[in-house]
Q: 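Let me begin by handing over the structure; questions about it come next.
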Protein chains: 2
Amino acid sequence: MAKYAIGVDYGTESGRALLVDVKNGRELASAVHAYKNGVIDRVLPGTQVRLEPDWALQDPQDYLEVMRTTIPAVLRAAKVKADDVIGIGTDFTACTMLPVDEHGTPFCMLPKWRNRPHAWVKLWKHHAAQAEADMLNRAAAERGEPWLKLYGGKISSEWMLPKIMQILDEDPEIYKAAARFIEAADWIVMQLTGLERRNSCTAGYKAIWHKQHGYPNREFFKALDPRLENVVEEKLGNEIYALGQKAGEITRGAAALTGLREGTAVSVGNVDAHVSVPAAGITEPGKMLMIMGTSTCHMVMGTEEHVVPGMCGVVEDGILPGFQGYEAGQSCVGDHFAWFTRNAVPGAYDAEAKKRKMSIHDLLVEKAAKLDVGESGLLALDWWNGNRSVLVDVDLTGLLVGATLQTRPEEIYRALIEATAYGTYVIVENFEKHGVPVRELYAAGGLPERNGFLMQVYADVTGRVIKVARSAQTPALGSAQFGAVAAGAKRGGYDSIFEAAKKMGGVKDKVFTPRAREHALYRRLFDEYVTLHDTFGRGANDVMKRLKKFKAEVSRAGAHG
Amino acid sequence: MAKYAIGVDYGTESGRALLVDVKNGRELASAVHAYKNGVIDRVLPGTQVRLEPDWALQDPQDYLEVMRTTIPAVLRAAKVKADDVIGIGTDFTACTMLPVDEHGTPFCMLPKWRNRPHAWVKLWKHHAAQAEADMLNRAAAERGEPWLKLYGGKISSEWMLPKIMQILDEDPEIYKAAARFIEAADWIVMQLTGLERRNSCTAGYKAIWHKQHGYPNREFFKALDPRLENVVEEKLGNEIYALGQKAGEITRGAAALTGLREGTAVSVGNVDAHVSVPAAGITEPGKMLMIMGTSTCHMVMGTEEHVVPGMCGVVEDGILPGFQGYEAGQSCVGDHFAWFTRNAVPGAYDAEAKKRKMSIHDLLVEKAAKLDVGESGLLALDWWNGNRSVLVDVDLTGLLVGATLQTRPEEIYRALIEATAYGTYVIVENFEKHGVPVRELYAAGGLPERNGFLMQVYADVTGRVIKVARSAQTPALGSAQFGAVAAGAKRGGYDSIFEAAKKMGGVKDKVFTPRAREHALYRRLFDEYVTLHDTFGRGANDVMKRLKKFKAEVSRAGAHG
């Protein structure tokens, strides 16, 4: 008798459920539910309360609606009985956090707080806590806090502590009244199991928790603000559960909501990028997964904790239990190409693409693929949206050099693709230099599915084989794997995520293999890239930052010529 | 009784005659004749003889056709009798040169030589003598030739000596048989007057002639090639006539060709850019004329000879008699904007321009003009076609820095305009630093006529008033002025070009005045431009050259991936 697991992937605009066969990972059905209130960045729903710039909120009711609609939908579509579903796993964007009362009820669901912006879920891309992040970074640097270097030397305004600090600064009543601040990843698990089971991934990567040392200490928090001295004990709690653990079982209430059987196993929460690693079949160090979309997230495991400058973080049990999980990122990948096609491709190209019934990307790829390495004479720095790794600097900007009167659009397009590949190569070499081997690359996400030319450029640039995850929905598949592990072998699942990854995950047959001649040519161009990277990224010429500052000055003055 | 003068301007694709009133420069009629054989760059006319890449020839018969058709046409159109035309002046592209026999007959008109490429006119943009130019520059540098520094340290392959050397290298028979090598500017004057009257402008700027020191000496030429030892005496001649002198009078034959009266005064030849200076009414040092089209030519006079690094040349009597004429240049101005609209402006913009019945340039200007200085955060180096002044380096390429995901096409367009203005400012400051004051700017050519926004940017960047030449055809007007001077006051003209310039030349009423706030802001951006300019242009990072070399290597290998 076949057994099934369900993975639910909570994205920025919608949530998706995927029902898979536990034996082999075969995907039987999936269903998507778009959040009714989406990303809330202008007015609080049902009120006249306007939000400041850079705010981004969500409504937790939307998360429950995903459960209520998509799980019955996949059961129905696959004609699978709830009794045959042995486990469920979930993953979320992060840090996406909310204040709850002692029952776990979101403050924004309580009439008392509903019209207060800080009562709502702060989405990962809520960027209004920059002042708090700056203060936190300053304090950590001044005090020489040992954990700072594990996060590339900088805590992002997107993470848990700046978001909590913003609540304290701007709405201290809510700070005081909240029983807990909790990641949405853990809140949704609480809705299914009735239990608070904070996961090691979001705690480690987004809340500065360390398996050996715990959270930053009381003195540090006190130095930030006396009211924060006991924030861990009062608002977060010290119990953290490693990925791969069972969080609990579906409660009677959750069974009514989802149509699943009461007692079905539920895994601890997880993050979309991290949960994709086992979905690609990766179970060991040395294999870096690139989750490639508008931006790229790089995940690789190691056996020891190393300080790698400019990475996003290293967390024990942060990707798979028993390993150090390393994360790095590039802030502008697909976004980069989308910007180009919208802003810099002439009408004649759009017309040709339309006539030949191809996308503009496919047309540009066709033309760009005919060029040899270095033939355009162009080189770009892929910093249209700043640089996440290894420079950790949002104020860097894009650069293109080598343009002539003969330069054509497909040459620039290719230069942009190559620039993102060089950016990845910098990350790869940086890991290796600091003790974290990267032997093979794996890719998942929208870009690798659509753009084989890009994958070949990445293979040629990095000199590494690239394999592509078999599933087109790796986060949901990874969550289903963790669901099967929560159930355990006795109930028809697996006793470890490593076994589940081998059986249920994997890659496509098509592998991108680096070509020796092209890699040798790209090595020379890469040296040029690194020289520009260091000139403009490491202080020799800070023109990018000065131009940004100048721009901000002029925009503030507002006196247009 | 009104008196008239005619100016004939020989361009790259056509020649134009302009008939003007000597009293006030009023333009009564103009006529254009397109060269039948145009620019010959593939096959010799009437033969199967194919040309190598980089060749560019012309047919001198086309130059005579301009005289034969346009002069009668302007007389007719203006209802002016030939008896009332007191003088004619001409200007030409340069160095545009040809071999002639002892009668001044072009070799390509002689059946014996007609099917030999080197018998034809080498147009200014014939670029096939680079090897010879390199050799000449090497030899001059090694020997420490004193004249080299008067030409920015580099002799262009476009100039007279490399072109002669190429003939000697590749067709020594023609070199030997030629009675003279002559500028087309002087050849056309010879056709009108029967006299060889070489002008000081082309001799100085294009053939390394110096009023005090003459041509480079015999030893230098001998070092280049023993056969060149006596090239000056044998092939060029040492008699040079200052601009503003009368070359002679219309011969009977020329009268038959043109319809002008025999005995009509003819001025010595001139160059299109240089002859525009008096047309803009400039008669004194400190006023720099920018002739702005696909590229920009900068002309300014001084009272002393200074060595200004990176200028194109300094020549006594080279612009107006009695002054040191300084020339500098930017190789990519209008070409730059044309490249942008063809290669990097999205279809939606073309559609908007079409709908609103404007040119794409006008649309981009409208949008760009709404931005404040520095608001885009972009900065460019205007080297899409190399850098003529002050770096004198064809291997430099374009650079753009500051791009973000919010960058719009009009922001890039504005950055390109600003980059060319910074390039001009570098030239202006370089002149001033080396003893040649530049107090005011004047503009002539297609761009200033069409683009007032661009002129305002130039004024704001350079902090200088800019006046625009009144005439839309400054070269032909300048030539007519010189024609009036050749006639002299007694015949109803003028005794000096200074007087003619005041009466017949001038500027429009609209003047572009620098705005203090904008200039102060631009000064800060200009500092950033200069830092990038020096980093990439003066050896700190030769990435542009390495990318070009890499490109050439890959293209030669021809093994496309």
Q: Heavy-atom pairs under 4.5 Å with chain A: which of Thr531(B), Leu532(B), Leu525(B) has the most?
A: Leu525(B)

Q: Spell out the residues in residues 359-366 of chain A that have some non-hydrogen atom less than 4.5 Å away from a non-hydrogen atom of chain B, in order of number; otherwise answer 'none'.
A: none

Q: Side chain, backbone, both or neither: which part of Leu521(B) has a heavy atom under 4.5 Å from chain A?
A: both

Q: Among the options Asp460(B), Ile412(B), Val543(B), pick out the one with the most heavy-atom pairs lying under 4.5 Å from chain A.
A: Val543(B)

Q: Given 3.5 Å as the limit, does a donor-acceptor pair link the side chain of Trp339(A) with the main chain of Thr407(B), or not?
A: yes

Q: Heavy atoms only, distances under 4.5 angstrom: which of Gly377(B), Ala403(B), Gly398(B), Pro409(B) has the most pairs with chain A? Name it, please.
A: Ala403(B)

Q: Test Thr404(B) against Asn385(A) for side-chain contact (heavy atoms from CB on, under 4.5 Å), laying out the working first.
A: CA-CA 6 Å; Thr404(B) 73; Asn385(A) 195 21; over 6 Å; no

Q: Counting C-beta onward and ignoring hydrogens, is there a side-chain heavy-atom pair between Leu379(B) and Leu547(A) closer than 4.5 Å?
A: yes

Q: For chain A, which candidate among Gln406(B), His336(B), Arg524(B), Gln456(B) shows the most heavy-atom pairs at distances under 4.5 Å?
A: Arg524(B)

Q: What part of Phe340(B) gets within 4.5 angstrom of chain A, counting heavy atoms only: side chain, backbone, both, or neither?
A: neither

Q: Can you find a heavy atom in the side chain of Met544(B) that is under 4.5 Å from one in the side chain of Glu528(A)?
A: no

Q: Between the side chains of Glu411(A) and Lys551(B), is the shortest nitrogen-to-carboxylate-oxygen separation below 4.0 Å, so that they form an ion pair?
A: no

Q: For Asp335(B) and Leu405(A), which heavy atoms make the closest approach, and how far apart are they?
A: O-CD2, 3.5 Å

Q: Top residue by heavy-atom pair count (under 4.5 Å) with chain A, among Val401(B), Asn541(B), Leu396(B)?
A: Val401(B)

Q: Using only non-hydrogen atoms and a strict under-4.5 angstrom cutoff, which residues of residues 341-356 of chain A touch chain B?
A: Arg342(A), Asn343(A), Ala344(A), Val345(A), Pro346(A), Gly347(A), Asp350(A)

